[in-house]
Amino acid sequence: MDHPPTHVQQPPQALPFAALLEGRRSTRRYTDQPLPEGLLEHLLAQARQAPSGANLQPGEFISLQGDARARLSAALVNAFRQGAQEPEDYSYFPQPMPMQLRRRQVAAAQALYGALGAARDDRAARNAQFERNFRFFDAPVALLVTIDARMGSGCYMDLGMCLYGLMLAAQAQGLGSCGIGAIASYPGLVRQTLGLEAGRHIVCGVALGYADPEASENAVRTERLGVGEFLRVMG
Ligand SMILES: Cc1cc2nc3c(=O)[nH]c(=O)nc-3n(C[C@H](O)[C@H](O)[C@H](O)COP(=O)(O)O)c2cc1C
């Protein structure tokens with residue numbers, strides 16, 4: 001594994017692993033502070049330590065900067081405002097969403113919009129927040145995650161482990177992150193805007209950076225199932 005470049009600052013005291021697991025939350029507003037040089041590469045090298053079936057290590061991360069990032073965000077925001085729709089490369093949610101899962105989805109949305117003070121019928125406020133997905137929440141680092149279209153669904157699981165590794169590695173360095181599945185709603189537009197090959201599936205975006213400590217949306221807390229709700233013991 002790559003060793004961290006010497007200029008990568010270690011947090012004053014490394015957090016115990018349990019604190020990383022329990023303390024990670026999606027960060028949706030960032031300060032302008034850039035990442036130290038080399039830190040992103042270091043985090044990705046750590047994330048790649050994730051296990052994967054047959055060690056295929058699926059998935060690619062594209063660090064979007066400058067003109068490429070600006071063009072992509074503009075295209076996505078425009079598509080969203082036009083109400084454009086296109087088929088996704090891979091299906092994420094069950095259709096229709098079973099009521100029990102719908103309740104979790106609504107609770108997570110309520111937690112976010114509640115923190116922002118956006119009422120249920122305040123479409124403008126909710127749309128404004130949704131558009132921020134397409135600007136990678138204005139984070140200093142904007143990543144696009146893609147996968148070879150020939151890979152099976154198991155490889156998405158492998159890539160998910162790599163993504164979680166990235167989030168925890170980032171957090172260990174004092175950074176926040178957020179997965180952005182919303183970007184996968186416009187895979188054709190993403191490929192066209194960035195000139196990507198048709199054979200690459202658009203999985204999601206990731207925002208990374210230092211969390212704005214004042215932002216109400218960063219104080220959002222979501223609930224988790226109790227172990228008894230997802231563990232079955234068979235004797
Ligand atoms: C792959 C992935 C995609 C996500 N996409 C979005 C998104 O498009 N917009 C958003 O605001 N949050 C997104 N999230 C964040 C989830 O809503 C969040 O992880 C969940 O509500 C649990 O909250 P927590 O991360 O704060 O613990 C995504 C998370 C993951 C892992």
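Both counts, for ligands and for their atoms, begin at 1 and track the order of listing. This chain uses plain numbering: 1 for the first residue, then up along the sequence.
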Please tell me whether Thr222 and Arg224 have a donor and an acceptor in their side chains that are separated by less than 3.5 angstrom. yes
What heavy-atom pair brings Leu189 and Ala79 nearest, and what distance separates the two atoms? CD2-CB, 3.6 Å
If the contact criterion is a heavy-atom separation under 4.0 Å, does Glu223 count as touching ligand 1? no
Pair Arg191 + Asp89: basic N to acidic O under 4.0 Å: yes
Short side-chain donor-acceptor distance under 3.5 Å, Arg102 and Gln105: yes
Got the closest protein heavy atom to atom 27 (O) of ligand 1, with its distance? Arg224 NH2, 2.7 Å
Going by the atom numbers of ligand 1, which of them fall below 4.0 Å from some non-hydrogen atom of Ala182? 8 (O)
Suppose I only count heavy atoms of Phe137 and a 4.0 Å limit; which atoms of ligand 1 are within that range? 11 (O)
If we only consider heavy atoms of Arg24, is any one of them less than 4.0 Å away from an atom in ligand 1? yes
Is there a heavy atom of Phe130 sitting under 4.0 angstrom from any atom of ligand 1? no
Check for a donor-acceptor pair, side chain of Asp158 on one end and backbone N or O of Gly53 on the other, with a separation under 3.5 Å. yes
Euclidean distance, Thr146 OG1 relative to Arg200 CZ, rounded to 0.5 Å: 3.5 Å
Suppose we measure from atom 19 (O) of ligand 1 to each protein heavy atom; which comes out shortest, and what is that distance? Ser26 OG, 3.3 Å
Residue, atom name and distance, where the atom is the protein heavy atom closest to atom 30 (C) of ligand 1: Gly179 CA, 4.1 Å
Using 0.5 Å steps for rounding, measure from the OH atom of Tyr30 to the CG atom of Leu208. 6.5 Å
Quick test: of every protein heavy atom, which one is nearest to atom 16 (C) of ligand 1, and how far off is it to 0.1 Å? Arg28 NH2, 3.8 Å
At less than 4.0 angstrom from any non-hydrogen atom of Ile180, what atoms of ligand 1 do you find? 3 (C), 4 (C), 5 (N), 6 (C), 7 (C), 8 (O)
Look at ligand 1 and say whether Tyr92 reaches it with a heavy atom at a distance under 4.0 Å. yes
Taking all non-hydrogen atoms of both residues into account, name the closest pair between Leu56 and Cys155 and its distance. CD1-SG, 4.3 Å
Stepwise salt bridge (Lys or Arg N to Asp or Glu O under 4.0 Å) check, Arg81 with Glu131: CA-CA 9 Å; Arg81 288 187 183 171; Glu131 282 191 8; 2.7 Å; yes
Among protein heavy atoms, which sits nearest to atom 3 (C) of ligand 1, and what does the distance come to when rounded to 0.1 Å? Gly181 N, 3.4 Å
Please report the closest heavy-atom contact between Ile202 and Ala184, naming both atoms and the distance. O-CB, 3.7 Å
Show the atoms of ligand 1 that are less than 4.0 angstrom away from any heavy atom in Cys178. 12 (N)
Closest non-hydrogen protein atom to atom 31 (C) of ligand 1, residue and atom name please, with distance? Met167 CE, 4.5 Å
May I ask you to identify the nearest protein heavy atom to atom 9 (N) of ligand 1, giving residue, atom name and distance to one decimal place in Å? Asn133 OD1, 2.7 Å
protein heavy-atom neighbour closest to atom 22 (C) of ligand 1 works out as Thr222 OG1, 3.5 Å
